[in-house]
Structures are given as C-alpha cells and as structure tokens.
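Input: a single structure, listed below in structure tokens.
Quick note: residue numbers are just sequence positions, from 1. Both ligands and their constituent atoms are indexed starting at 1 by order of listing. Everything numeric here is computed off the predicted structure, so don't read it as measured data.
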Amino acid sequence: MKKLTILITGGAGYIGSHIVHDLVELGHNTIVFDNLSTGLKQNLHPDSKFIEGDILNKNELQKAFAEKVDIVFHFAALKAAGDSMIHPSKFAEGNITGSLNLMIKMIENNIKYIVFSSSAAVYGNPQYLPIDEDHPKDPTNYYGYTKLAIEENLMWFSKLHGINYAALRYFNATGYDIRGRITGQEKDTTNLSPLVMEVASAMREQLQVFGDDYDTDDGTCIRDYIHVNDLSDAHLKAMDYLLNENKNLVVNLGTSKGSSVLEVIDEAEKAIGKNINYKIVGRRAGDPAHLVASYEKAKDLLGWEAKHSDLKTIFESMKKVYFNS
Ligand code: WQD
C-alpha cells in the first residue's frame, strides 16, 4: 500500500480521532488540524502531526498544506442541531464558510480528494423508510442545511475544479474505540448514548426521555445507531474508492436497524450492570419518530457494512471511557 499524506480537520474530535488512529496504524502520514474548541489533545495519536488552527483562519489553514497532501478528511464542524436554530450565523461561518475556505485551499494547493463528514440531517423528516440516498433533502434544522450546502458546493467544485469527493451521511454516531485507544469524553454532549453513560457514571443525576407518545412500539423515538469504529472503516473504504475509481461518492452510513430510546436504556443497563435513572418528559422539538438508513449503496460500492453497531458492543466500548474498565 502506498503511504499517503492525509490532512484531517477536526482530527482531535470524537469521530476524527478514531479515524486518525486507524490511518496512523495503516502507516500513513497524518496531519491533524483542529482548533481544540471541542477536540482534545488527549485524543491525538503521538505519531500524528498536530497543527492548532481554525478553518476560518486562511493563514493558519495554509500551514496545513506545507507538505504535499494527497487527501483531506474534513470533520471540523459545529454539530449541535438545536443550537443551530438559535445561533445560525455561527453555523453558517463555522460549517459553510470554513468548508469553503478549506476547499479553496485545496484548489490553490492542487489537492484533488476529500472525504466529508455529512449527516442524515440533510434529509429532514422521513417520507419513507429506510431512508436511501435519493430521499428528498429537506433539513428540519439549520445544521442539516449547512451539511447539504457543503455537499452542493463539493458537487460544483467537482464539476468546475475536478476534485473528487466522498460525502458520508452518518446516522446516529455512537460508541468509543473498541480497543480503548480513544480516552477523551465528548464535552457538552446532547446525544443520547453519552448522556446515558453520564448518568450511569454519576456525572449526571437523571436522563430525560423526550416523549413516550410517538407512533412506535414503546412510544419512544427510534434511531439507527452506528458505532464509530464502523464509521472509521467506511472512511478508509471511501478513501480507497476515491483514489481507485476517481468518481464521487455519496452514501449513507447506518445499519437499517432501529432502536428505541427505551431499548437503548435497557441495553445500557445490561452492559453496565446498573440501573439508569430516567424520567419521561415532553417531546423535544423537531424529533422525527423513526429514522433508519438504507446502507445498500455503501454495501454495493464499498463492500461496507456495520460490524460493531449492536447496542451491547456500543455500551461495552463506552464503559472504557466512562468507567475506565
Ligand atoms: C437520539 C434519540 C432523542 C437526548 C442528532 C442530530 C443529527 C445527527 C445525529 C450529526 C432521540 C432521544 C436524546 C436525551 C432523549 N448529528 N433523547 N433524551 O437527535 O437523533 O440526531 O445526532 O450529524 O443531526 O440531530 O440524536 O442523540 O440527540 O437523540 O430522549 O437527553 O434520543 O429524542 O429520539 P438525534 P440524539
């Protein structure tokens, strides 16, 4: 395998750091570019270069291209969907302007390939299930719109500048490295599984379950949880696809299997061996009842499917980070 030089924006963050560890172990030369707003130095691989910088700062960004980069992995972004509805300008800048800065720098530095962290949030409320890549794109929050806008710009840059991109639309990313290489807990999370772990490890008193009157078997919302190691595997396969096929790629990353909030809590209790203190409260605005991915396209084009995304493995992997065991 050819040794590549890979630039990873947001490489100290939750998902990015997992992929950096895999890339380093494969023998690639990695450069992490991260402003540490949510990323953690603790998550960096010792054999990876680190540049502290912001994609909004073009001078800092240029430093990331001091060496000839073969491919960019772009994770750096704001991701709290609720916050995007209150502070849209922050998301417009951080996600859209930041990504455009990066793409322009790629063109200036003659870099052709990019793997982009997109999201199931581009689809909005499901019109049918499972959601495939042709499903209408009608985001219900501004965060989802920023991801869609970046995908559209990638498409135009591909047409006009000849770049090749992979847009990977994650469903509900969760879990921690099953080998325990990543130890930093995500800060200020609003996602279900880390909140469950915060309650289990007494960092938080109670979990609020947002609504039990949805049209699902137990009344709570159903989501498609995908383990971060499975996401990493898909990134590696997407990179090979770009380099070998020279075609763009837009795929969902999920399992097609949905789990309700109460099923998640139940599986967490079994894996952790503790009861999770929770209370049913009102619905959270904007939550669709049921979201699951079709991953047929990723399977066909990449030969990818999830291997670690059952809830037992997910919570076992999170124990290492929240209980150090
Ligand atoms: C999961 C389920 C909640 C917290 C988000 C983003 C989305 C994408 C994935 C990145 C829902 C319920 C949650 C809590 C609860 N992100 N819940 N109590 O909203 O499906 O998706 O992450 O691209 O854009 O919106 O994930 O983890 O917040 O919620 O009951 O305290 O858990 O209602 O049904 P969500 P989540």
Does ligand 1 come near enough to Lys79 that some N or O of the ligand is less than 3.5 Å from an N or O of the residue? no

With heavy-atom distances below 4.0 Å as the criterion, list the atoms of ligand 1 near Thr190. 4 (C), 28 (O)

Give, for atom OH of Tyr145 and atom CD1 of Ile96, the distance between the pair rounded to the nearest 0.5 Å. 5.0 Å

Would you mind listing which atoms of ligand 1 come within a distance below 4.0 Å of any non-hydrogen atom of Val209? 30 (O)

Are Asp213 and Arg283 close enough for a salt bridge, meaning some N to O gap below 4.0 Å? yes

Considering heavy atoms of the protein only, find what lies nearest to atom 8 (C) of ligand 1 and give residue, atom and distance to 0.1 Å. Ser119 OG, 4.1 Å

Would you say Tyr225 contacts ligand 1, with heavy atoms under 4.0 Å as the rule? yes

Closest to atom 19 (O) of ligand 1 among Arg284, Arg223, Arg204 (heavy-atom distance): Arg284

Report the relative orientation of the aromatic rings in His135 and Tyr128; use parallel for angles under 30°, tilted for 30 to 60°, perpendicular for over 60°. tilted

Measure the distance from atom 34 (O) of ligand 1 to every protein heavy atom, then report the residue, atom name and distance (to 0.1 Å) of the closest one. Cys221 CB, 3.0 Å

Should Gln208 be counted as touching ligand 1, given the test is an N or O pair under 3.5 Å? yes

Measure the distance from atom 6 (C) of ligand 1 to every protein heavy atom, then report the residue, atom name and distance (to 0.1 Å) of the closest one. Ala81 CB, 4.4 Å

For atom 33 (O) of ligand 1, what's the nearest protein heavy-atom neighbour? Residue, atom name and distance, please. Asp287 OD2, 2.5 Å

Proximity to ligand 1 by part of Leu195, non-hydrogen separation under 4.0 Å: side chain

Please check if the distance between the ring centroids of His74 and Tyr165 is under 6.0 Å. no

Give a yes or no answer on whether the side chain of His28 reaches the backbone of Thr30 with a donor-acceptor pair at less than 3.5 Å. no

What residue and atom, counting heavy atoms only, is the protein's closest point to atom 12 (C) of ligand 1, and at what distance? Val261 CG2, 3.8 Å

Would you check if there is a donor-acceptor pair between the side chains of Arg169 and Tyr123 at a distance under 3.5 Å? yes

Please state which protein non-hydrogen atom is closest to atom 27 (O) of ligand 1 and give its distance, to 0.1 Å? Leu192 N, 2.8 Å

For residues 101-111, please give each side-chain donor-acceptor pair under 3.5 Å, one per line with the distance, not counting sequence neighbours.
residue, atom, partner, partner atom, Å
Asn101, ND2, Ile55, O, 2.9
Lys105, NZ, Gln62, OE1, 3.4
Lys105, NZ, Glu108, OE1, 3.0
Asn109, OD1, Gln62, NE2, 3.3
Asn109, ND2, Gln62, OE1, 3.3
Asn109, ND2, Lys105, O, 2.8

Can you list the residues that meet the side chain to side chain donor-acceptor pair (under 3.5 Å) rule with His18, with sequence neighbours excluded? none

Note the single closest protein heavy atom to atom 30 (O) of ligand 1, along with its residue, its atom name and the distance in Å. Phe210 N, 2.9 Å

Both conditions, 6.0 Å and 45 degrees, for the charged tip of Arg223 above the ring of Phe171: are they met here? no

Under 3.5 Å: N/O of Tyr170 near N/O of ligand 1: no

Examine Leu302 and Leu243 and state if one hydrophobic cluster contains both, with Ile, Leu, Val, Met, Phe, Trp and Tyr joined whenever side-chain heavy atoms are less than 4.5 Å apart. yes

Hey, looking at atom 7 (C) of ligand 1, which of Ser118, Ala121, Ala120 has the closest heavy atom? Ala121

Do Ile150 and Leu148 share a hydrophobic cluster, counting only Ile, Leu, Val, Met, Phe, Trp and Tyr and linking them when any side-chain heavy atoms are less than 4.5 Å apart? no

Considering non-hydrogen atoms of the protein only, which is the closest contact for atom 10 (C) of ligand 1, and what is the distance? Tyr143 OH, 3.1 Å

